[in-house]
Amino acid sequence: MFLLGERLERENKTVKAMVEIYCKKNHKSNIGSCRECREIYDYASYRITRCPHKDNKPACTTCEIHCFSLKMKEEIKKIMKFSGPRMLIHHPILSLFHYIDKLKEGSLKKNTSKS
Ligand code: SF4
Ligand SMILES: [Zn+2]
């Protein structure tokens, strides 16, 4: 086991929470997530925890590397679209950090484009 940076750890937790919300509502899963959703989470987690950007990781949607397969990209997109708005209710702290990360990313891009 290797140590993850704060950002990657948080992102990994956020994806797990989103997959669980999606699974609970759509597949009526009572504990964690069903096998299909678990496989999606495992796939995303493997990539996020090994993201070459490390703690400067951008949102995957704006990444130029795009390390997800097309199929998994669509699966995660579907889950995020469903669970994103529900995160504020179920996981307000993770949701807040997710928002802060997005703001930081926006300001980083602005600063980079000025130079
Ligand atoms: S798509 Fe980009 S940002 Fe997302 S995990 Fe892969 S390399 Fe990292
Ligand atoms: Zn499921």
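For ligands, and for the atoms within them, numbers begin at 1 and follow the listed sequence. Worth knowing before you read on, the calculation uses all heavy atoms, side chains too, and leaves out hydrogens, waters and symmetry mates.
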- Between N12 and S45, does any side-chain donor sit less than 3.5 Å from a side-chain acceptor? yes
- Considering heavy atoms of the protein only, find what lies nearest to atom 4 (Fe) of ligand 1 and give residue, atom and distance to 0.1 Å. C60 SG, 2.4 Å
- Of all protein heavy atoms, the one nearest atom 2 (Fe) of ligand 1 is C63 SG, 2.3 Å
- Query: Between atom 8 (Fe) of ligand 1 and C51, is there an N, O or S atom separated by less than 2.8 Å?
  - Reply: yes
- C67 neighbourhood, listing ligand 1 atoms whose heavy-atom distance to it stays under 4.0 Å: 1 (S), 5 (S), 6 (Fe), 7 (S)
- Per-atom filter on ligand 1: closer than 4.0 angstrom to a heavy atom of P52 are 7 (S)
- Query: Roughly, to 10 degrees, what angle do C23 atom SG and C34 atom SG form around the Zn ion (ligand 2)?
  - Reply: 110°
- Message: Please report, to 10°, the angle around the Zn ion (ligand 2) from atom ND1 (H27) across to atom SG (C37).
- Response: 100°
- All heavy atoms of R47 vs all of C67, minimum pair found to be NE-O, 3.3 Å
- Message: Just so I know, are the side chains of H98 and M87 near enough to count as touching, which here means a heavy-atom distance under 4.5 Å?
- Response: no
- Is it true that E6 and R10 have a side-chain N and a carboxylate O under 4.0 angstrom from each other? yes
- Message: Please determine whether a side-chain nitrogen of the Lys or Arg among K78 and E74 lies less than 4.0 Å from a carboxylate oxygen of the Asp or Glu.
- Response: no
- Item | Single hit among N26, V19, T14, I21 for side chain to side chain contact (heavy atoms under 4.5 Å, CB included) with S83 | I21
